[in-house]
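Everything below concerns the one structure shown next.
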Amino acid sequence: MAFIDFKDSELYVENLQAKELAAEYGTPLYVYSKGALSDRFNAFEDALKSKKHQVCFAVKACSSLAVLHLMAKLGAGFDIVSEGELRRVIAAGGDPKKVVYSGVGKTESEIEYALSAGINCLNIESPEEIDTVIAVAKRLGVVAPVALRVNPGVDAKTHPYISTGLKNNKFGVCEEEAFELYKKMAKEPCLKVSGIDCHIGSQMTTGAPILEATDKILSLYNKLLAEGIKVDHIDMGGGLGVTYDKETPPSVAEYVSPILKKLENIDVALYLEPGRAMVANACLLLSKVVYQKNNGGKHFVITDTGMNDMIRPALYGSYMTIVNATVHADGETVVSDIVGPICESDDFLGKDRALNVRNGDILAVKGAGAYGSSMSSTYNSRRLPCEVMVDGDKSYVIKKRQSFEDIWKDETVID
Ligand code: LLP
């Protein structure tokens with residue numbers, strides 16, 4: 001049986017019923033399966049085992065400490081994009097020596113913190129950032145391990161908001177510029193040119209774009225080698241898609257093995273930065289049906305879970321599968337919009353869903369582990385949701401539901 005599945009009309013996470021978890025901890029509730037998370041990490045490790053490699057979990061996808069701690073214990077490195085994420089990784093027991101740091105706007109103080117912590121590699125994204133890294137490294141008297149994030153001009157064929165490898169977006173530097181910048185960096189005694197980095201987009205459901213990008217990175221690798229510049233790793237970023245609905249992305253092995261094949265004869269380690277593929281389908285977001293009503297010929301199922309708890313449908317129009325955690329043997333299936341309590345028209349979890357629902361039922365949003373809790377907010381002064389991790393027949397609170405006072409604890413009034 002899968003880690004998250006139906007048995008006798010009840011949805012289970014490992015050995016525990018979703019309905020009972022919701023009754024015990026309340027809703028909205030993020031529920032992670034420890035088994036499913038470990039399974040996904042092991043799939044990456046397994047697929048990469050024939051080559052030197054480092055799996056750097058993209059912290060932004062799910063930054064809950066318990067998830068990071070589990071990843072760290074399994075041996076993961078991390079891809080971070082802020083000082084806060086690096087501090088989280090360290091707080092969760094992760095090893096800074098396995099951390100790569102991406103992002104177009106790293107500030108001087110963030111770079112200083114990262115270099116002092118001894119991270120594995122700074123993925124530099126602009127000529128000006130190179131100068132900042134040089135200045136900070138000189139001031140600290142350290143040699144900064146660096147890669148350039150190269151924008152290979154490849155269309156990841158995904159949602160425009162999460163496509164990052166095209167020439168006209170803000171990420172990385174273009175291939176032509178990269179060659180010159182590598183030559184400049186190689187001359188700097190306070191820099192160690194250690195890798196070539198790229199990330200072309202997220203939720204890719206075919207392997208073709210990443211292979212096209214690998215070819216481009218390989219040709220840059222060879223050009224650099226001919227100049228006497230030898231990097232020790234190639235980082236192909238994250239991006240492997242998952243099934244939210246009917247998508248059929250490659251398996252981890254199918255995605256990784258053609259990349260490995262292209263790198264077969266060169267002496268580099270392969271780094272990957274998977275986020276979504278590691279956590280999305282290892283988690284449910286549980287919500288409770290509060291009311292139902294008809295408006296203008298449309299049926300609405302109103303839940304206690306809003307766009308502040310899960311913003312993906314509202315922000316990207318993302319489709320996320322929603323199921324009733326208890327399958328009713330009788331009752332009526334009605335096509336409904338599943339909405340939340342927030343005062344915004346785009347506060348919905350799903351539209352036009354055929355569901356047999358009663359008030360008080362627990363609905364489960366599947367695929368909620370990636371960019372779910374990490375993108376949640378307190379909009380409408382709603383508390384951040386509780387999160388639990390299930391391990392076999394035990395469940396653990398990994399994030400307490402916020403108290404109301406927590407929401408405004410750093411605020412003050414003036415007269
Ligand atoms: N590395 C870098 C540099 C990234 O920018 C990202 C994601 C990843 C790795 C991880 O990509 P993944 O394996 O998860 O596809 N909030 C959006 C997704 C934004 C992705 C941003 N970058 C969503 O909910 O779909």
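FYI, side chains are in, hydrogens and waters are out, and symmetry mates aren't considered; it's all heavy atoms of this structure. In each ligand, atom 1 is the first atom listed, and ligand 1 is the first ligand listed. Keep in mind it's a predicted model, so treat the numbers as computed, not measured.
The shortest N or O to N or O distance between S102 and ligand 1 is not below 3.5 Å. For S202, a nitrogen or oxygen atom sits less than 3.5 Å from a nitrogen or oxygen atom of ligand 1, counting backbone and side chain alike. Considering backbone and side-chain atoms alike, G201 places every N or O at 3.5 Å or more from each N or O of ligand 1.
Here the side chain of T378 pairs no donor or acceptor atom with the backbone of I407 at under 3.5 angstrom. Side chain of D46 to main chain of A43: no donor-acceptor pair is present (N/O by atom type, distance under 3.5 Å, no hydrogens or angles).
Within the 4.0 Å heavy-atom cutoff, K60 counts among the residues contacting ligand 1. Under a 4.0 angstrom heavy-atom cut-off, M204 registers as lying outside contact with ligand 1. Ligand 1 lies less than 4.0 angstrom from a heavy atom belonging to P274. Ligand 1 lies less than 4.0 angstrom from a heavy atom belonging to G239.
Ligand 1 places these atoms under 4.0 Å from at least one heavy atom of R149: 3 (C). Close approach of ligand 1 to A58 (heavy-atom distance below 4.0 Å) involves ligand atoms 8 (C), 9 (C), 10 (C). Taking a cut-off of under 4.0 Å to the non-hydrogen atoms of E273, the atoms of ligand 1 that pass are 1 (N), 2 (C), 3 (C), 8 (C), 9 (C), 10 (C), 13 (O). Within the listing of ligand 1, atoms 12 (P), 13 (O), 14 (O), 18 (C), 23 (C), 25 (O) sit less than 4.0 angstrom from a heavy atom of R276. Shown in contact with G275 at under 4.0 Å from a heavy atom are these atoms of ligand 1, numbered in order with element: 12 (P), 13 (O), 14 (O).
At least one cation-pi condition fails for R353 and F348: the charged atom is not both under 6.0 angstrom from the six-membered ring centre and inside a 45 degree cone around its axis. Geometrically, R383 engages F404 in a cation-pi contact defined by less than 6.0 Å to the ring centre and at most 45° from the axis.
Only side-chain heavy atoms of H199 come within less than 4.0 Å of ligand 1; its backbone N, CA, C and O stay farther off. Contacts between R312 and ligand 1 below 4.0 angstrom, taking non-hydrogen atoms only, involve the side chain exclusively. With a heavy-atom cut-off of 4.0 Å, Y316 touches ligand 1 through its side chain alone.
Across all non-hydrogen atoms, the minimal contact from I200 to A156 is O-CB, 3.5 Å.
Between F78 and F57, the ring planes lie perpendicular to each other; the angle is over 60°, past the 30° to 60° tilted range.
For the atom pair CG (L11) and CD (E20), the distance works out to 12.0 Å, reported to the nearest 0.5 Å.
Contact check for C56 versus K98: no side-chain heavy atoms found under the 4.5 Å cut-off.
A side-chain N or O of E344 and one of Y379 form a donor-acceptor pair less than 3.5 Å apart.
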